[in-house]
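Read the structure below first, then the notes.
Because the structure is a prediction, the values reported are computed rather than measured.
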Amino acid sequence: MTLGQINTLEILRETDHGIYLIDNEDNEVLLPNRYVPQSFKIWDKIDVFVYLDNEERPVATTDIPYIKADEFALLRCNQVTDFGAFLDWGLVKELFCPFKEQAFKMKPSGWYLVYCYLDEKTNRLVASSKTNRFLDNKNLTVSLFDEVDLIVSHPSDIGWNVIVNKVHSGLIYKDNIFKDLSVGDTLKGVVKKIRPGNKLDITLEKIGYRSIEPNAELILKTLEDNSGFLNVNDKSDPETIRDIFQISKKNFKKAIGSLYKQRLIEIKPDGIYLTKNE
C-alpha cells in the first residue's frame, strides 16, 4: 500500500477498534470504527486513503483529503507551533509544514498553495509552500499551442506565475489576463510561446484561428441571454470587452467579424444584434 494515496484493499478481519485491511503483499492497516461501513463482508474490497496517525502508525480512512502525495492544493493554516505550521487537509490529523518548507512564514487562518510529498527521512507526509522546487522545465512534456491545466501560483511584476500540468512552471503576462486571478485558482490555458531555457509563456485564450470558433459561440450565447442585443461593438474599449466576455479586443473583433460574414449578427453603431434568422 502507498502512503498518501488512495489504495484499494481487502477486508481481512474485524476487531474492537475497527477492521483490518490487507494489500496483495500482505501489508495490514487499521480502518478505525468511525470509518467502517455499516455492512461488509470479509474479503470485500474498499478504497481508503492511507497515512500516519499521531503515533506515526499507518492508518486508513474513507475520507478523501484535499490534497494527496505529489499534488498541489490551496490549504488553510490552522495553527503554528514551535515546530512549524499545521494545515487543514480534510483529515483528523493535520498536515505538517516545517518552517524550512515555508516560502513565507505561515500564519493561522492564512491560505497557502502547497505541495504534499513523502519525506524519505521521516516517512511522513509533509507540505511545502516552496512549490517551485517541485517543478521542472528541463524536459518539457508540452508543445507549442497545447491546451494545458493550470494552477495559479504567485504574482510577479509582469503577470502571474502558474503551474503547468502539475509539472512545469509558466508565466501569464498581464496583457494576456482578462479575468481576476487568485492564488490556487485552477483553469485551462494554452502554450503561447516556448522561450530559451524552456520558459513557458501561457495564454488563457485560444490562439489564432483556434480562438474564433469558441469565442463566436460565447458571443452568440451572450446575445441570446440578453434578448439579442449587446451595447458593444468593434469600437468599444478593451476593458468593456474584457469585462463582458473575458477575451481580448483583438479576438473579439475576429469573432464578430466571423459572425457577421455568416450573417448571424448585425454590427451597428449602438452595438451588435442577432439577425432575425438566428
Looking only at heavy atoms, the pair that brings L125 and G4 closest together is CD1-CA, 3.5 Å
Just checking K93: does its NZ atom have more than 12 heavy atoms from other residues, nucleotides or ligands closer to it than 6.0 angstrom? yes
Quick one: closest heavy-atom pair of D157 and K174, and the distance? O-NZ, 2.9 Å
Could you check whether atom NZ of K166 has more than 12 heavy atoms from other residues, nucleotides or ligands sitting under 6.0 Å from it? no
So does K68 get a backbone contact from the side chain of E71, meaning a donor-acceptor N/O pair under 3.5 Å? yes
Cut-off 3.5 Å, side chains only: do S248 and R242 have a donor facing an acceptor? no
Shared hydrophobic cluster, I202 / Y173 (ILVMFWY, side-chain heavy atoms < 4.5 Å): no
V36 and Y20: same hydrophobic cluster, using ILVMFWY side-chain contacts below 4.5 Å? no
Side chains of I11 and L21: does their closest heavy-atom pair fall under 4.5 Å? yes
Quick one: side chains of residues 48-56, donor-acceptor pairs under 3.5 Å with protein atoms, not counting sequence neighbours, listed by atom name and distance.
from : atom 1 : to   : atom 2 : distance (Å)
D53  : OD1    : E55  : N      : 2.9
D53  : OD1    : E56  : N      : 3.1
D53  : OD1    : R57  : N      : 2.9
D53  : OD2    : R57  : NE     : 3.1
D53  : OD2    : R57  : NH2    : 3.1
E56  : OE1    : R124 : NE     : 3.4

Looking at every heavy atom in both K192 and L144, which two are closest together, and how far apart are they? O-CD1, 3.3 Å
Heavy atoms of other groups near Y35 OH, more than 12 under 6.0 Å: yes
Establish whether V142 and L171 are linked, either directly or via other cluster members, by ILVMFWY side-chain heavy-atom contacts under 4.5 Å. no
Stepwise side chain to side chain contact (heavy atoms under 4.5 Å, CB included) check, F72 with L135: CA-CA 11 Å; F72 298 90; L135 303 174; 3.6 Å; yes
Going by the ring-ring contact (aromatic ring centres under 6.0 Å, His included) test, which pairs reach into residues 216-242, not counting sequence neighbours? F229-Y273
Side chains of I22 and L9: closer than 4.5 Å at any heavy-atom pair? no
Run the salt-bridge test on E101 and R133 with the 4.0 Å N-O cut-off and return the result as yes or no. yes
Closest heavy-atom contact between M106 and C77? CB-SG, 4.4 Å
If you count the non-hydrogen atoms of other residues, nucleotides and ligands that lie under 6.0 Å from CG in D270, is the total more than 12? yes
Please report the shortest heavy-atom distance between V152 and L113, naming the atom on each side. O-CD2, 3.7 Å
Name the residue from L95, L75, L74 that meets the side-chain contact (heavy atoms from CB on, under 4.5 Å) definition with Y66. L75
Counting only heavy atoms not in K130, do more than 12 fall under 6.0 Å of its NZ? yes
Can you confirm whether more than 12 heavy atoms, excluding those of D180, are under 6.0 Å from its CG atom? no
Verify the neighbour count for atom NE2 of H154: are there more than 12 heavy atoms of other residues, nucleotides or ligands below 6.0 Å? yes
Between D237 and T240, do the side chains contain an N or O donor and an N or O acceptor separated by less than 3.5 Å? yes
